[in-house]
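Beneath this line is the structure, given in structure tokens, with notes to follow.
Remember, it's a predicted structure, so these values are computed and weren't measured experimentally.
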Amino acid sequence: GVLVAARIASDKSWNAASNACQRAALTKARMAQEPAPEESPNLIPQVKLQPGPDDLELAGESDTQEDSEWSKSGSPESASTPEAQADKPNSKWADFPVEQWRSAVYVNRAYFGQLCSDTADFIVNIAEQVKLSGRRVSLVEVGCGTGEFVRETAETFRVAVGVDFNPHFIEFCKHEAADEGATRQRYVQGDACALVDLMKTEFPVHEGLFWDDVRVVACVGNTIGIIPQHLKAAVYKQMFELAGPSGIVIMAYWNAAWFGDAVQNFYHANPQLCGSFTGESINLGTTTLSTPSGYCTHWTSVSEARAVMDSLGAEIISLKQKGKGVLVAARIASDKSWNAASNACQRAALTKARMAQEPAPEESPNLIPQVKLQPGLDDLELAGESDTQEDSEWSKSGSPESASTPEAQADKPNSKWADFPVEQWRSAVYVNRAYFGQLCSDTADFIVNIAEQVKLSGRRVSLVEVGCGTGEFVRETAETFRVAVGVDFNPHFIEFCKHEAADEGATRQRYVQGDACALVDLMKTEFPVHEGLFWDDVRVVACVGNTIGIIPQHLKAAVYKQMFELAGPSGIVIMAYWNAAWFGDAVQNFYHANPQLCGSFTGESINLGTTTLSTPSGYCTHWTSVSEARAVMDSLGAEIISLKQKGKGVLVAARCLD
């Protein structure tokens, strides 16, 4: 459908509209005969606006964001006058090529497509509500780039104005508007910190056009997120001043909850946007990325967006969290409220400065690493896996390598894995469930479905989980199997599991304490071969919850070898890896949000290239891609029966034919 709501305000306005239509038709016919300009995509950073000078800070925003090379070399701060610009012929922003910017826009659309639509809908919906009240509405976009947003929404407004500091962008926008016969669109080159004066020059106040309207002043695409902290207040102030008491300021921030995902799957995957970088460029605490190229961007949380508006004395009309975006519509009620806002900003800056001098509270995290299995010894490497993962403190202090015998264990009474408390582990399980709930269900369904297919062929099936922890997975799936066995090195975990099984009268469940690199011998001791139980069955040997991801690289092969040997030619090995595509999101919203899991850490602990996190506490985890999982199975000579990417997991079922 094509849905239209319209009205004619007066005969005079209809005549003006009719004349405008005729002029647009003539312009379009003339321009249609001219050749279109060629494009040559060269991708560039996702930044559009250069603010003016102001050292006022806003409450709720990070004060760690420094001036980037982008702002220093091309902002009005360094080149806001023709004279200054002449002194800087290579100023990045003033001379940024249109073709490069347009190419970056296409990359943006691939990652932010839904947010672009949501932002347009949000602003258009507000404009329509204003029009229903009988008022006319005009739009100003601050930092319009090459005009995509203005062109998309212009027909909603009496006039839609794009402002940008880059003259090449503005020339491009004007040419596009002429091609389309788009008489509602205007494009103005200038400094966003002189926004009101720019508009007074473009639209003389005495003429009424634009100034008689409700003015929507928007800053979208996280333009505000790349402005150095001490410059932002000047931009906000000009936006609210231009909107006036009856106008509306709209901010489209990029959502801080998606920062980790974007660092991995947007910025790191597209180094042409902001240059190559490593973990040192990432600040999860402030959700800020500062790359060696000088590019700096800050992502904003819902609470921070609210705090910014509060510090400005603005009334929030609407605040919505829409996927990767935080969309805010706000207004300043009067000059009095703006003065209050200015005072609030100053108070916030003073408070922040004072608090910066106070010592931070000490942390005493009870570390509960997201690990369950201690492998045995083997220096064999597997194809497709990173060789940069070092032995972690967890493996050194509690693995079978350092304490695989009672004698060795006696020498290490504080071995982390052997003595890890059940209560701490159970606490970690609950945190896991909050983040990995769907994957836990998907993993159980994947394994149970395979077991059911085997049973339909007339065979019995038994399960062994390698690294069972406190037995959650075994208890959840045990009824599907003839016998379900959990193996873990921690004797406290095993005692807990046995106690839980006894309480439930769960006769199918067995729990065995021991070294996973002696898995076959452990099972032969638990189930004597001559008795037939377990050994006559199709054996499913599983390692779930990314247990394999925390094992140091040179130890993994021994675990895989034992698992496939135990499964035998007719059995099945199942691996539930954590999906490398979700690594960035997990670093922010799982590990960093829950320091009790692996200890506090900074960007230096993050390796996006290998999707590995190595924290100062010694905890180390690796997340696995689909291609890497396939390469591991190939290197083992295993046939993949099924490989599925299920949200945060990569699930693999395989067998060895030998």
Side-chain angles (χ1 to χ4, degrees), residues 259-269 271 276-284 289 291 367-375 379-399 401 428 432 435-436 439 467 543-557 559-560 575-595 597-632 635 645 648-650 652:
F259 175 71
D261 183 86
V263 163
Q264 178 187 11
N265 297 312
F266 179 58
Y267 296 111
H268 194 261
S276 298
F277 63 91
T278 58
E280 289 81 356
S281 299
I282 305 164
N283 189 324
L284 293 171
L289 176 70
T291 72
L367 302 182
I368 308 173
Q370 183 49 39
V371 286
K372 300 190 293 182
L373 170 70
Q374 299 68 48
D379 201 35
L380 181 62
E381 287 193 352
L382 300 174
E385 294 198 314
S386 162
D387 60 356
T388 63
Q389 188 175 359
E390 300 177 356
D391 296 0
S392 71
E393 182 183 351
W394 300 104
S395 64
K396 288 177 180 174
S397 62
S399 74
E401 181 178 17
N432 265 17
Y435 187 77
F436 292 104
L439 178 57
C543 187
V544 305
N546 205 44
T547 294
I548 201 73
I550 62 93
I551 301 173
Q553 178 61 29
H554 71 278
L555 302 177
K556 291 182 182 180
V559 179
Y560 281 116
M575 304 300 302
Y577 303 102
W578 286 348
N579 188 351
W582 281 81
F583 175 71
D585 183 85
V587 163
Q588 178 188 9
N589 297 313
F590 180 58
Y591 297 112
H592 194 261
N594 298 289
L597 295 176
C598 59
S600 298
F601 62 92
T602 58
E604 288 82 355
S605 300
I606 304 165
N607 189 324
L608 292 171
T610 62
T611 55
T612 301
L613 176 69
S614 304
T615 71
S617 72
Y619 176 72
C620 188
T621 182
H622 171 69
W623 288 47
T624 303
S625 67
V626 170
S627 58
E628 184 182 349
R630 193 178 298 279
V632 169
S635 72
Q645 186 173 209
K648 292 167 183 159
V650 175
V652 183

Review point. What distance separates Trp578 CH2 from Leu439 CG, expressed to the nearest 0.5 Å?
Key: 8.5 Å
Review point. Run the side chain to side chain contact (heavy atoms under 4.5 Å, CB included) check on Ser625 and Val650 step by step: do they pass?
Key: CA-CA 7 Å; Ser625 67; Val650 175; over 6 Å; no
Point to revise | Gln645 side chain to Val626 backbone, donor-acceptor under 3.5 Å | key: no
Exercise for review: Report the relative orientation of the aromatic rings in His268 and Phe277; use parallel for angles under 30°, tilted for 30 to 60°, perpendicular for over 60°.
Suggested key: perpendicular
Practice item. Test side chain to side chain contact (heavy atoms under 4.5 Å, CB included) on Phe266 and Leu289 and set out the steps. Key: CA-CA 12 Å; Phe266 179 58; Leu289 176 70; over 6 Å; no
Practice item. Apply side chain to side chain contact (heavy atoms under 4.5 Å, CB included) to the pair Val263 and Ile282, showing each step before the final yes or no. Key: CA-CA 8 Å; Val263 163; Ile282 305 164; 3.5 Å; yes
**Study point:** Side-chain donor or acceptor of Asn546 paired with backbone N/O of His622 under 3.5 Å
**Key:** yes
**Study point:** Thr615/Tyr591 under side chain to side chain contact (heavy atoms under 4.5 Å, CB included): CA gap, chis, key distance, verdict
**Key:** CA-CA 10 Å; Thr615 71; Tyr591 297 112; over 6 Å; no
**Study point:** Residues that Asn265 engages under side chain to side chain contact (heavy atoms under 4.5 Å, CB included), provided they are two or more places apart
**Key:** Tyr111, Asp261
Exercise for review: Check for a donor-acceptor pair, side chain of Thr624 on one end and backbone N or O of Asn579 on the other, with a separation under 3.5 Å.
Suggested key: no
Check your understanding: Is a side-chain donor or acceptor of Asn607 paired with a backbone partner of Thr610 at a separation under 3.5 angstrom?
Key -> yes
Point to revise | Pairwise distance CH2(Trp623) to NZ(Lys648) - rounded to 0.5 angstrom | key: 7.5 Å
Exercise for review: Determine the minimum heavy-atom distance between Thr547 and Gly467, stating which atoms define it.
Suggested key: OG1-O, 4.1 Å
Check your understanding: Can you tell if the side chain of Pro616 reaches within under 4.5 Å of the side chain of Ser600, non-hydrogen atoms only?
Key -> no
Revision key, fill the gap. d(Ser635 OG, Arg630 CZ) to nearest 0.5 Å is 13.0 Å
Point to revise | Main-chain N/O of Cys598 paired with Ser617 side-chain donor or acceptor, under 3.5 Å | key: yes
Check your understanding: Short question: side chain of Gln264, backbone of Ala580 - any donor-acceptor pair under 3.5 Å?
Key -> yes
